[in-house]
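Each remark here refers to the structure printed beneath this line.
A quick note: this is a predicted structure, and the numbers were derived from the prediction, not measured.
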Amino acid sequence: MAFFKVLYSFFMLTAFHSSTFSLAHPGVDFGWDGSFHPGGRFSGLFPGFYQYSCPQANDIVLSVLDKAIAKEPRMAASLLRLHFHDCFVQGCDASILLDDSASIVSEKGSGPNKNSIRGFEVIDEIKAKLEEACPQTVSCADILALAARGSTVLRGGPFWELPLGRRDSKTASLTGSNNNIPAPNSTLQNLITLFKRQGLDEVDLVALSGGHTIGMARCVTFKQRLYNQNGDNQPDETLEKAYYNGLKSVCPKSGGDNNISPLDFASPAKFDNTYFKLILWGRGLLTSDEVLLTGNVDKTEELVRRFAEDEALFLNQFATSMVKMGNISPLTALNGEIRTNCHRIN
């Protein structure tokens, strides 16, 4: 544990000298009463929320993440995705973690999540250790946010000041999960619409898509690009030829839906800007990746090019957009609860 305290101190000490650290809060305003107002709205979240009630919270999260990601590097991307899929449904309230029960229809069975979302056992281990150290103190929603940041950092990505103080929902929304989470074959206009629904703009869309610099995708999510992109039994013409041939060897026309391919084949375990370079070369894996460049929206195309050219710019914007995403409709104060088990309400 001492190592992680040193690690956390190192981040804080060196951050002010690094372009990969962000103190930026989009639209932030600190009121005269010291309250935190992201985007001009009161959210009740602030970075020092557990300073006195559970000061070791981030150390505990990092200690579990370090072992889990060392064992399975793909886990970093899975935990980042878990936070994303949570925030886009009812806000960042850990509704995604709830299992089916007499009163809950779990979001885990939605189209975007079924047989796809993962990392629950890591969240459970973090929760168990936090309950032992600081009973009924750290919410599952904050654990998801801390795990997303820690996973990014442990893969070489940016560190950011993370507002905390979220509480956990007592409800889930299967309908919201089916309707609000972008599909891998989304058009650019659909992506923009779904992000705007959450208060996120085109800059946030492109920056957060950059999270695909780590992780894997199943063949079922991109197979149509190889064999039937436009309903004419033809491949997506934007795919670079050698990359297309390589993908066909991983994903046959029939079967193999659960075979996986890196979202960023050049540096799949490193959080960098290679994802954007690959898109420029026709080597973006998902339709939702490629359309950022080819979807006929000048702003997203320009951002792809700028992030490909300037890694520091991307990393800083990713951190800023993660803070903004993490502020989507949090439950605070007397709303929600602090679950003792992330899978069920108290």
Side-chain angles (χ1 to χ4, degrees), residues 77 80-81 84-85 88 111-112 116 180-196 200-253 256-257 259-268 270-311 313-315 317-318 321:
L80 184 60
R81 184 168 181 254
F84 174 84
H85 280 218
F88 266 56
S116 171
N180 293 341
I181 298 172
N185 62 346
S186 294
T187 65
L188 183 53
Q189 285 303 325
N190 184 238
L191 291 171
I192 291 171
T193 297
L194 291 175
F195 271 68
K196 284 189 174 179
L200 302 172
D201 60 22
E202 289 90 341
V203 178
D204 302 311
L205 165 60
V206 180
L208 292 173
S209 295
H212 285 176
T213 184
I214 55 175
M216 314 287 282
R218 295 182 301 151
C219 285
V220 69
T221 64
F222 60 87
K223 182 177 283 191
Q224 85 286 343
R225 295 192 73 197
L226 307 181
Y227 303 107
N228 191 25
Q229 176 70 343
N230 298 309
D232 55 3
N233 293 314
Q234 295 298 313
D236 185 343
E237 61 183 15
T238 66
L239 279 168
E240 189 269 332
K241 191 68 175 178
Y243 183 54
Y244 162 69
N245 288 330
L247 291 177
K248 285 202 302 180
S249 69
V250 175
C251 299
K253 191 169 185 177
D257 282 0
N259 295 349
I260 57 175
S261 182
L263 286 154
D264 167 358
F265 73 88
S267 55
K270 184 181 179 185
F271 202 100
D272 56 19
N273 70 333
T274 304
Y275 163 83
F276 296 103
K277 296 176 182 178
L278 293 174
I279 291 176
L280 292 178
W281 299 335
R283 298 176 182 178
L285 184 62
L286 306 178
T287 296
S288 59
D289 297 323
E290 190 62 36
V291 295
L292 298 176
L293 178 70
T294 62
N296 296 317
V297 173
D298 290 344
K299 189 169 186 179
T300 64
E301 179 183 348
E302 178 189 0
L303 285 163
V304 169
R305 296 185 187 282
R306 289 183 64 193
F307 290 158
E309 293 169 359
D310 189 339
E311 183 171 84
L313 179 68
F314 159 58
L315 296 176
Q317 184 58 55
F318 181 83
S321 293

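Looking at heavy atoms from C-beta onward, K277 lies out of side-chain contact with E309 at the 4.5 angstrom threshold. Using a 4.5 Å heavy-atom cutoff, the side chains of Q234 and N228 are not in contact. Side-chain atoms of L200 and L208, non-hydrogen and from C-beta on, do get closer than 4.5 Å to each other. Side-chain contact between L191 and S288 is present, with heavy atoms from C-beta onward closer than 4.5 Å. Contact annotation: the side chain of P184 never approaches that of F222 to less than 4.5 Å [non-hydrogen atoms, C-beta and beyond]. Inter-residue side-chain proximity for P112 and H85 is flagged as met; some heavy-atom pair is nearer than 4.5 Å. At a threshold of 4.5 Å between non-hydrogen side-chain atoms, the residues L188 and I192 count as touching. Counting heavy atoms from C-beta outward, V304 and S209 have side chains that stay 4.5 Å or more apart.
Using modelled atom types and a 3.5 Å distance limit, the side chains of T193 and Q189 yield no donor-acceptor pair. Donor-acceptor pairing under 3.5 Å is lacking for the side chains of D236 and Y244. With no hydrogens or angles considered, no side-chain donor-acceptor pair links T287 and N185 at under 3.5 Å. Looking at S261 and R218, their side chains never bring a donor and an acceptor atom within 3.5 Å of each other.
The neighbour count for E240 CD, taken as heavy atoms of other residues, nucleotides or ligands under 6.0 Å away, is above 12. Within a 6.0 Å sphere centred on CG of D232, heavy atoms belonging to other residues, nucleotides or ligands number more than 12.
Between L278 and the choices D264, L285, L263, the side chain to side chain contact (heavy atoms under 4.5 Å, CB included) rule is met once, by D264.
For F88 against I181, the heavy-atom pair with the smallest separation is CB-CG1, 4.3 Å. Across all non-hydrogen atoms, the minimal contact from Y227 to K253 is OH-N, 3.3 Å. The two residues S186 and P182 come nearest to each other via the heavy atoms OG-C, 3.9 Å. Of all heavy-atom pairs between N259 and P252, the closest is ND2-CD, 4.3 Å. Across L239 and G284, no two heavy atoms sit closer than the pair CD2-O, 4.1 Å.
For the pair K196 and E202, the salt-bridge criterion is met [side-chain N within less than 4.0 Å of a carboxylate O]. For the pair R305 and E301, the salt-bridge criterion is met [side-chain N within less than 4.0 Å of a carboxylate O]. A salt bridge links D257 with K223: the distance from a Lys NZ or Arg NE/NH1/NH2 to an Asp or Glu carboxylate oxygen falls below 4.0 Å.
Put simply, the side chain of S321 gets close to the backbone of Q317: a donor and an acceptor are under 3.5 Å apart. Between the side chain of D289 and the main chain of L286, a donor-acceptor pair closer than 3.5 Å is present. Remark: side-chain polar atoms of D204 are paired, donor with acceptor, to backbone N or O of D201 under 3.5 angstrom.
The structure places CG of N273 at 13.0 Å from CZ of F318, a figure rounded to the nearest 0.5 Å. To the nearest 0.5 angstrom, L313 atom CG is 9.0 Å from L315 atom CG. Annotation: the span from F265 atom CZ to L247 atom CG amounts to 9.0 Å, rounded to 0.5 Å. Residue L226 holds its CG atom at 7.5 Å from SG of C219, rounded to the nearest 0.5 Å. Here CG of N233 is found 13.0 Å from CD of Q224. Values are rounded to the nearest 0.5 Å. From T274, atom OG1 reaches atom CD1 of I279 across 11.5 Å, with rounding to the nearest 0.5 Å.
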Show the numbers, then the answer: is there a side-chain contact (heavy atoms from CB on, under 4.5 Å) between T300 and L293? CA-CA 7 Å; T300 64; L293 178 70; over 6 Å; no

Full working for side-chain contact (heavy atoms from CB on, under 4.5 Å) between L303 and L292: CA-CA 9 Å; L303 285 163; L292 298 176; over 6 Å; no

side-chain contact (heavy atoms from CB on, under 4.5 Å) between E311 and D272: does it pass, once the steps are laid out? CA-CA 7 Å; E311 183 171 84; D272 56 19; 3.0 Å; yes

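Taking the six-membered ring where tryptophan is involved, the planes of F314 and F307 are tilted, since the angle between them lies from 30° to 60°.
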